[in-house]
Amino acid sequence: MCFATTTKGFTALCIQAFTTASRLGVLDELKTEMSERIPGFYKASGGVVNMAPKAYRWVEEMKEIGRTHGVDGGFDYEGRDGDRGIFDAVSEVYRVVADETVLGEEKIERRKRGRTVDDVALAVGDGLAAKRKRAD
């Protein structure tokens, strides 16, 4: 649980950062900045391209990680001021990937989309835009 906190939690943060940077038109600048200033983090962000076919499995796993941190680690956020906790939010990132983007249709052995950070960011951004449009 603690290991997945760092790996899959970091991947979710990267998905958000790369998607937002892409939508702002500064993804190349973000990648350059990361690769120059924190190359280890940039290398670790490679999990972004590997997660798409597994995102659906990580939704509940992130919730369980949150419960573990709450029960065993004492980081119980649930119920305070409507805050559901960090890992419920991380879970939602993976749910969006799995349910709201074309990446959720990817299979490990037949990958077509999400094979680069740029394409993951584009696909997630497109999925979020379509979701927003449906809500309007």
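No experiment lies behind these values; they were computed from the predicted model shown.
Using a 4.5 Å heavy-atom threshold, the side chains of Ile86 and Phe75 count as separate. The shortest distance between side-chain heavy atoms of Thr5 and Phe87 falls below 4.5 Å. With contacts defined as side-chain heavy-atom distances shorter than 4.5 Å, the pair Leu13/Val90 does not qualify. Side-chain contact between Tyr94 and Glu61 is absent, with no heavy atoms from C-beta onward closer than 4.5 Å. The shortest side-chain heavy-atom distance between Phe10 and Ser45 falls under the 4.5 Å cut-off. With contacts defined as side-chain heavy-atom distances shorter than 4.5 Å, the pair Val124/Glu100 does not qualify. Looking only at side-chain heavy atoms (C-beta outward), Val120 and Val117 stay at 4.5 Å or farther from each other. Contact annotation: the side chain of Lys54 approaches that of Arg57 to within less than 4.5 Å [non-hydrogen atoms, C-beta and beyond].
Separating the CZ atom in Arg132 from the CZ atom in Arg134 is a distance of 12.0 Å, to the nearest 0.5 Å. Between atom CG of residue Leu24 and atom CD of residue Glu29 there is a gap of 10.5 Å, rounded to the nearest 0.5 Å. The distance from the OG1 atom of Thr68 to the NZ atom of Lys63 is 14.5 Å, given to the nearest 0.5 Å. Between Thr7 atom OG1 and Asn50 atom CG the span is 11.5 Å, to the nearest 0.5 Å. Atom OG1 in Thr101 sits 8.5 Å away from atom CG in Leu128 (nearest 0.5 Å). Expressed to the nearest 0.5 Å, how far CD of Glu60 lies from CD1 of Ile65 amounts to 11.5 Å.
Listed here is the closest heavy atom pair of Arg23 and Gly125: NH1-O, 3.9 Å. Nearest approach of Ala121 to Leu27, heavy atoms of both residues: CB-CD2, 4.1 Å.
In this structure a side-chain-to-backbone donor-acceptor pair under 3.5 Å is present from Ser35 to Thr32. A donor-acceptor pair under 3.5 Å links the side-chain atoms of Thr6 to the main chain of Phe3, judged by distance alone. Panel note: side chain Tyr56, backbone Val97; no donor-acceptor pair is recorded below 3.5 Å. At least one donor-acceptor pair under 3.5 Å links the side chain of Arg111 to the backbone N or O of Gly114. Remark: side-chain polar atoms of Glu106 are paired, donor with acceptor, to backbone N or O of Lys112 under 3.5 angstrom. Between the side chain of Ser22 and the backbone N or O of Phe18, no donor-acceptor pair lies under 3.5 Å.
Under the 4.5 Å side-chain heavy-atom criterion for Ile, Leu, Val, Met, Phe, Trp and Tyr, Leu122 and Val102 are members of distinct hydrophobic clusters. Criterion: ILVMFWY side-chain heavy atoms under 4.5 Å apart, direct or through other members. Under it, Met51 and Met1 are part of a common hydrophobic cluster. Cluster annotation: Val48 is connected to Ile38 through the hydrophobic network of ILVMFWY side chains, with a link wherever side-chain heavy atoms come within less than 4.5 Å.
Here Lys133 does not pair with Asp136 in a salt bridge; the nearest charged N to carboxylate O distance is not below 4.0 Å. Ion pairing of Asp118 with Lys31 is present here, as a side-chain N (NZ or NE/NH1/NH2) and a carboxylate O approach within less than 4.0 Å.
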Legend entry - Derivation and outcome, side chain to side chain contact (heavy atoms under 4.5 Å, CB included), residues Asp119 and Thr116: CA-CA 5 Å; Asp119 194 43; Thr116 66; 3.4 Å; yes

